[in-house]
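Side chains are part of it too, since the values below use all heavy atoms of this structure and drop only hydrogens, waters and symmetry mates.
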Amino acid sequence: MAENTEAGIKETEYPEEIFFEDAGYQNLMMQYKCAILELETKFRVLDTEFSLQYNRNPIENIKTRLKSPHSIVEKMQRKGWDLSVENIEKNLSDVAGVRVICSFPEDIYSLAGMLTRQDDIVVVEIKDYIARPKPNGYRSLHLILGIPIFLSDGKKHMRAEVQFRTIAMDFWASLEHKLKYKQDIENADVIARELKKCADTIGQVDNRMEEIRKMIDVQ
């Protein structure tokens, strides 16, 4: 943002832009990045072990993201929290995010159980939108976890959100997200009903595919 002065145009910045350049904020983001790396490593290890035991890999893909400064500001303002490093760490549980895409619903619960049983993981919250889908049809298993990171001055737990989905659940959620933020959609109610039908079908197909896999495994 530019400010007009007698000397000409003086460059100024939004307060939040100054905040996001602060060393304290940068250090906090570094810690969240470390939590993501720790989680990725844990999942790679579990996938490797699972492959050895069951001769297949339960994880199709791992996606990670660090919440953008814009999203942080938007959420802090929406919740009525002052923008500070302390408030971000205290109040936001989804700055560090990991999404694990699995082949089958059973794999989701197996991996989640293996992860949460590790003695250095702190389970903060579990929301099972697979067993109890959202009204719009959204399905996913959400975990808020305390993840240990090891820095030069010691160990610290950072909160991170883990989302587990099957391939079909992830495809549905990606499409629903795009439509949700698209402006001036005609027949929005009709589309919402169709998406709900698709979500129900996806749930049935995921379960049926899992049954077929079990039939193959016993042979």
Side-chain angles (χ1 to χ4, degrees), residues 1 11-53 57-102 107-128 140-165 170 173:
M1 184 172 75
E11 291 296 325
T12 61
E13 296 176 291
Y14 293 101
E16 57 263 29
E17 290 179 340
I18 297 173
F19 171 79
F20 290 125
E21 293 176 358
D22 181 75
Y25 170 79
Q26 296 292 336
N27 185 62
L28 181 64
M29 292 302 106
M30 176 274 293
Q31 293 176 13
Y32 281 121
K33 289 178 183 177
C34 290
I36 289 173
L37 289 172
E38 288 286 343
L39 268 172
E40 273 196 284
T41 299
K42 285 179 178 294
F43 280 122
R44 298 297 182 193
V45 170
L46 288 174
D47 192 53
T48 301
E49 181 185 7
F50 198 104
S51 176
L52 181 64
Q53 291 182 349
N57 295 91
I59 297 176
E60 293 288 338
N61 192 15
I62 298 175
K63 304 176 183 179
T64 66
R65 68 107 179 92
L66 194 66
K67 203 173 189 69
S68 70
H70 172 78
S71 295
I72 289 174
V73 169
E74 188 277 329
K75 189 165 187 177
M76 297 291 283
Q77 290 177 343
R78 177 160 44 87
K79 296 290 187 178
W81 298 320
D82 291 335
L83 184 62
S84 70
V85 170
E86 292 75 18
N87 278 344
I88 291 172
E89 186 171 3
K90 176 184 176 182
N91 294 304
L92 298 187
S93 298
D94 60 348
V95 176
V98 176
R99 183 175 300 149
V100 182
I101 311 303
C102 295
D107 294 339
I108 289 175
Y109 292 108
S110 295
L111 283 170
M114 293 174 190
L115 181 68
T116 55
R117 285 192 296 270
Q118 295 185 8
D119 59 12
D120 60 349
I121 293 285
V122 177
V123 180
V124 178
E125 186 178 22
I126 298 176
K127 292 183 179 180
D128 190 345
S140 184
L141 178 64
H142 289 199
L143 307 180
I144 303 297
L145 304 174
I147 306 300
I149 63 171
F150 301 87
L151 304 171
S152 60
D153 56 353
K155 183 175 78 170
K156 177 181 180 181
H157 276 80
M158 301 298 297
R159 276 185 297 174
E161 181 184 54
V162 181
Q163 297 179 357
F164 292 91
R165 299 173 184 169
D170 190 56

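Distance alone, capped at 3.5 Å, is enough to place a donor-acceptor pair between the Gln26 side chain and the Phe20 backbone. With Asn87 contributing its side chain and Asp82 its backbone, the two residues share a donor-acceptor pair below 3.5 Å. Between the side chain of Ser51 and the backbone N or O of Asp47 there is no donor-acceptor pair closer than 3.5 Å.
Residues Ser140 and Arg165 come closest through the heavy atom pair OG-CG, 3.4 Å. In terms of heavy atoms, Ile36 sits closest to Arg65 at CD1-O, 3.5 Å. Looking at every heavy atom in both residues, Gly24 comes nearest to Val85 through C-CG2, 3.7 Å. Taking each heavy atom of Gly146 and Val124 in turn, the nearest pair found is N-CG2, 4.1 Å. The heavy-atom pair separating Tyr32 from Glu89 by the smallest distance is OH-CA, 3.5 Å. Between Ile149 and Ala35 the shortest heavy-atom distance is CG2-N, 3.5 Å.
Aromatic ring pairs are classed by plane angle as parallel below 30°, tilted from 30° to 60° and perpendicular above 60°; the pair Tyr25 and Phe19 is tilted.
Here the straight-line distance linking atom CZ of Phe164 with atom OG of Ser110 works out to 10.5 Å at 0.5 Å rounding. If you take CD1 on Ile88 and CG on Leu28, they are separated by 6.0 Å, rounding to the nearest 0.5 Å. Taken from CD1 in Ile126 to CD1 in Ile144, the straight-line distance is 10.5 Å, to the nearest 0.5 Å. Taken from CZ in Phe50 to CE in Met114, the straight-line distance is 5.0 Å, to the nearest 0.5 Å. Rounded to the nearest 0.5 Å, atoms CD1 (Ile62) and CG (Leu39) are 9.5 Å apart. With rounding to the nearest 0.5 Å, the separation of CE in Met30 from CG in Leu66 is 12.0 Å.
The closest side-chain heavy-atom distance from Leu83 to Gln77 is not below 4.5 Å. In this structure, Thr41 and Arg44 have side chains that are not in contact, with every pair of non-hydrogen atoms separated by 4.5 Å or more. When side chains are defined from C-beta on, Arg159 does not count as touching Leu92, because their heavy atoms never get closer than 4.5 Å. Annotation: side chain of Ile59 is not in contact with side chain of Leu46 (no heavy-atom distance under 4.5 Å). Taking the side chain as every heavy atom from C-beta outward, Val123 and Leu145 approach each other to under 4.5 Å.
In terms of the side chain to side chain contact (heavy atoms under 4.5 Å, CB included) criterion, residue partners of Glu60 (sequence neighbours excluded) are, by chain and number, Ile101, Ser103, Ile167. With sequence neighbours left out, the side-chain hydrogen bond (donor to acceptor under 3.5 Å, both in side chains) criterion links Arg78 to Glu74. Under the side-chain hydrogen bond (donor to acceptor under 3.5 Å, both in side chains) criterion, Ser68 pairs with Ser71, sequence neighbours left out. Scanning for salt bridge (charged side-chain N to carboxylate O under 4.0 Å, His left out) contacts around Lys127 gives Glu125, with sequence neighbours left out. With sequence neighbours excluded, the residues that form a salt bridge (charged side-chain N to carboxylate O under 4.0 Å, His left out) with Lys63 are Asp170.
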**OP:** I would like to know whether Glu17 and Val73 meet side-chain contact (heavy atoms from CB on, under 4.5 Å); could you show each step before the answer?
**Re:** CA-CA 10 Å; Glu17 290 179 340; Val73 169; over 6 Å; no
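For residues 32-43, the salt bridge (Lys or Arg N to Asp or Glu O under 4.0 Å) pairs, not counting sequence neighbours, are Lys42-Asp120.
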